[in-house]
S.K.: 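I have a structure here, written as C-alpha cells, and I will follow up with some questions on it.
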Amino acid sequence: FIRQIAEIGKSEEMNLGDIVFTVGSPLGYDYRGSLTSGVLSGKDRLVSISVSGSNNNDWVMRVLQIDASINPGNSGGPLLNVNGEVIGVCSMKLVDDDIEGMGFAIPIEYAMSHVESLEHNEKIKWPILGIGMTNVTDSATLSKNNIKVPNNIKEGVVITSIKEGTGAAKSDLKKGDIITKINGRKVKDSAYLRYEIYQHQSGDVIELTYI
C-alpha cells in the first residue's frame, strides 16, 4: 500500500456536468474510505446557514454544488475531479423529505488561502466593520433598540451600535442606519454583510450604500 500526497486542482476550471468524487467515512470508522461519485451541479452557490440557537441566517458560504452522496463523516473530506486532484472540501448538504442529492463543498482555492496560516499555528484574522447589527426583519431586536424601519424596506442590515476605534466610528454611520450595499453588491441581511466583509483584508477601504 503506497501513501501519496493528494494533488491540488482548480475548481475554477471545472464545468457543470463534470464528474466528481468524494472520499470520506460516512457514519463513522466502519465505513472509512468510502467513495461516491456524481457531477458538479452548480458553481458559486451562495448558501445561508445558521448557528445553533439562532433565529437568523448568520453566515453565507460560496460553495460548489454536487449530487454525489455525502453524509456525516464526509465533512472535511476531499472533493476530487477525474484526475484525482482535490478541487474542494466537502462541507454540508440540504436535508428534507423533498430534497435529494444536494451537497456542497468549499472551493479548494478558498481553503488553500488559509493553509499557510494554519500550518504555522497562526490564527486566521478577519476584518471587522465595527458595528452591532441586526436584520431589517428582526422586529424584536429593533424594538429593543428603539429603532423603526419603514415598512417598504424588506432587505438590509440595521446598525444597532458603533464600536469605538473602528472604521465605522471614523465614518458617518450611526445607529439606525440601514446598510444596503457593500462596494455596489447587494446586502440582503447580516449573513451577506459578513460574507462581503470577509472578502477583504484589515485596512482595506470599502464603499457602503446605506439609508
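These values consider heavy atoms only, across backbone and side chains, with no hydrogens, waters or symmetry-generated copies.
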S.K.: If you compare all heavy atoms of P26 against all heavy atoms of N71, which two are closest, and at what distance to 0.1 Å?
M.R.: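 Minimum heavy-atom separation between P26 and N71: CB-CB, 3.8 Å.
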
S.K.: Does S91 use its side chain to pair, donor to acceptor, with the backbone of I106 at less than 3.5 Å?
M.R.: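 Looks like no, no N/O pair under 3.5 Å.
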
S.K.: Working to the nearest 0.5 angstrom, can you tell me the gap between I206 CD1 and Q199 CD?
M.R.: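 Reported to 0.5 Å precision, the distance equals 11.5 Å.
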
S.K.: Indicate whether any N or O donor in one side chain lies under 3.5 Å from an N or O acceptor in the other, for T160 and N145.
M.R.: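 No, no side-chain donor-acceptor pair sits under 3.5 Å.
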
S.K.: Go through the steps to decide whether E196 and R185 satisfy the test salt bridge (charged side-chain N to carboxylate O under 4.0 Å, His left out), and finish with yes or no.
M.R.: CA-CA 8 Å; E196 294 296 341; R185 298 175 67 90; 2.9 Å; yes

S.K.: Does V47 belong to the same Ile/Leu/Val/Met/Phe/Trp/Tyr cluster as Y198, with side-chain heavy atoms less than 4.5 Å apart forming each link?
M.R.: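 Per the 4.5 Å side-chain linkage, V47 and Y198 are co-clustered.
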
S.K.: Taking the side chain as C-beta and beyond, is there a heavy-atom pair between L35 and S37 under 4.5 Å?
M.R.: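 A side-chain contact is absent here, since even the closest heavy-atom pair is not under 4.5 Å.
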
S.K.: Check whether any side-chain heavy atom of N135 lies under 4.5 Å from a side-chain heavy atom of V158, and answer yes or no.
M.R.: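 They are not in side-chain contact.
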
S.K.: Would you confirm whether N183, through its side chain, and E207, through its main-chain N or O, come within 3.5 Å as a donor-acceptor pair?
M.R.: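 Checking the backbone N and O of E207 against the side chain of N183, a donor-acceptor pair under 3.5 Å is found.
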
S.K.: So, taking the atom named CZ in F104 and the one named OG in S41, what distance separates them when rounded to the nearest 0.5 Å?
M.R.: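 Nearest 0.5 Å value for the CZ-OG distance: 9.0 Å.
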
S.K.: Report the C-alpha separation of L173 and I162 in whole Å, then their side-chain angles, then the decisive distance to 0.1 Å, and conclude whether the side chain to side chain contact (heavy atoms under 4.5 Å, CB included) test is met.
M.R.: CA-CA 8 Å; L173 295 173; I162 303 289; 4.1 Å; yes

S.K.: Can you tell me if E7 has over 12 outside heavy atoms packed within less than 6.0 Å of its CD?
M.R.: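 Incorrect, the count does not exceed 12.
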
S.K.: Give a yes or no on whether the backbone of A140 and the side-chain of S143 come within a donor-acceptor separation of less than 3.5 Å.
M.R.: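 Checking the backbone N and O of A140 against the side chain of S143, no donor-acceptor pair under 3.5 Å is found.
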
S.K.: Count the heavy atoms of every other residue, nucleotide or ligand shown that sit under 6.0 Å from CD of E122, and state whether that count exceeds 12.
M.R.: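 Yes.
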
S.K.: Could you walk me through whether I182 and L208 satisfy the side chain to side chain contact (heavy atoms under 4.5 Å, CB included) test, starting with their C-alpha distance in whole Å, then the side-chain angles of each, then the deciding distance to 0.1 Å, before giving a yes or no?
M.R.: CA-CA 5 Å; I182 294 180; L208 296 178; 3.5 Å; yes

S.K.: Report whether M112 and V89 are members of the same hydrophobic cluster (ILVMFWY, side-chain heavy atoms less than 4.5 Å apart, transitive linking).
M.R.: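 They do share one cluster, since a chain of ILVMFWY contacts under 4.5 Å joins M112 to V89.
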
S.K.: Given side chain to side chain contact (heavy atoms under 4.5 Å, CB included), test T166 with L129 step by step and report yes or no.
M.R.: CA-CA 7 Å; T166 64; L129 185 56; over 6 Å; no

S.K.: Can you tell if the side chain of M133 reaches within under 4.5 Å of the side chain of I159, non-hydrogen atoms only?
M.R.: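 Side-chain contact under 4.5 Å: no.
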
S.K.: Report yes if the side chains of L79 and I66 come closer than 4.5 Å at any heavy-atom pair, otherwise no.
M.R.: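 Yes, close enough: below the 4.5 Å cut-off.
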
S.K.: So, S11 and E109: side-chain donor and acceptor under 3.5 Å apart, yes or no?
M.R.: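 Yes, E109 and S11 have a side-chain donor paired with an acceptor closer than 3.5 Å.
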
S.K.: For the NZ atom of K188 and the CD atom of E155, what is their distance to the nearest 0.5 Å?
M.R.: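 Rounded to the nearest 0.5 Å, the NZ-CD separation comes to 6.0 Å.
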
S.K.: Is any side-chain heavy atom of M61 closer than 4.5 Å to one of M92?
M.R.: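 Touching, per the 4.5 Å side-chain cut-off.
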
S.K.: Answer yes or no: are there more than 12 heavy-atom neighbours, outside N146 itself, under 6.0 Å from its atom CG?
M.R.: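 No, not enclosed.
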
S.K.: When you compare the side chain of V157 with that of V136, does any pair of heavy atoms fall below 4.5 Å?
M.R.: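 No, side chains not in contact.
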
S.K.: Hey, could you give me the OH/CD1 distance between Y110 and I108, rounded to the nearest 0.5 Å?
M.R.: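 Answer rounded to 0.5 Å: 12.5 Å.
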
S.K.: For the residue pair Y195 / R62, report whether a side-chain donor-acceptor contact shorter than 3.5 Å exists.
M.R.: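 Yes, side-chain donor-acceptor contact under 3.5 Å.
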
S.K.: How far does CG of D189 sit from OG1 of T137, to the nearest 0.5 angstrom?
M.R.: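 Between D189 CG and T137 OG1, I get 7.5 Å after rounding to 0.5 Å.
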
S.K.: How close do I131 and A168 get, counting heavy atoms only, and between which atoms?
M.R.: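 Shortest heavy-atom contact: CG2-CB, 3.6 Å.
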
S.K.: Check the surroundings of atom NZ in K175: do more than 12 heavy atoms from other residues, nucleotides or ligands lie under 6.0 Å from it?
M.R.: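 Yes.
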
S.K.: Please name the pair of heavy atoms, one in C90 and one in I70, separated by the smallest distance, quoted to 0.1 Å.
M.R.: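 For C90 and I70, the tightest heavy-atom pair comes out as SG-CG2, 4.2 Å.
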
S.K.: For a quick test of reading the model, state the closest non-hydrogen atom pair linking K43 to L40 and the distance between them.
M.R.: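 What the structure gives for the nearest pair is CG-CD2, 3.7 Å.
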
S.K.: Does CG in N151 sit with more than 12 non-hydrogen atoms of other residues, nucleotides or ligands closer than 6.0 Å?
M.R.: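 No, the 6.0 Å shell around CG holds no more than 12 heavy atoms from other groups.
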
S.K.: Using the side chain to side chain contact (heavy atoms under 4.5 Å, CB included) rule, take V82 and F21 through it: C-alpha gap first, then chi angles, then the decisive distance, then the call.
M.R.: CA-CA 8 Å; V82 291; F21 302 90; 4.2 Å; yes

S.K.: Is L16 linked to M102 within one hydrophobic cluster, defined over Ile, Leu, Val, Met, Phe, Trp and Tyr using a side-chain heavy-atom separation of less than 4.5 Å?
M.R.: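 No, L16 and M102 fall in different hydrophobic clusters.
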
S.K.: Decide whether I128 and W126 are clustered together by the hydrophobic rule: side chain heavy atoms of Ile, Leu, Val, Met, Phe, Trp, Tyr closer than 4.5 Å, transitively.
M.R.: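 No, separate clusters.
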
S.K.: Kindly indicate whether the side chain of N81, heavy atoms from C-beta on, has any atom under 4.5 Å from the side chain of M14.
M.R.: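 In short, these two side chains touch, coming nearer than 4.5 Å.
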
S.K.: Can you name the nearest heavy-atom pair linking G84 to L80, along with the distance?
M.R.: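 Closest heavy-atom pair between G84 and L80: O-CD2, 3.8 Å.
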
S.K.: Looking at every heavy atom in both T22 and A68, which two are closest together, and how far apart are they?
M.R.: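 Closest approach of T22 to A68, heavy atoms only: CG2-CB, 4.1 Å.
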
S.K.: Can you find a pair of side-chain heavy atoms, one from I178 and one from V149, that are under 4.5 Å apart?
M.R.: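 I178 vs V149: side chains touch.
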
S.K.: Under a 3.5 Å distance rule, please check whether S34 uses its side chain to pair with a backbone N or O of Y31 as donor and acceptor.
M.R.: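 Here the side-chain-to-backbone pair exists.
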
S.K.: State the CG-CD1 distance between L64 and I87, to the nearest 0.5 angstrom.
M.R.: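 CD1 of I87 is found 6.0 Å from CG of L64.
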
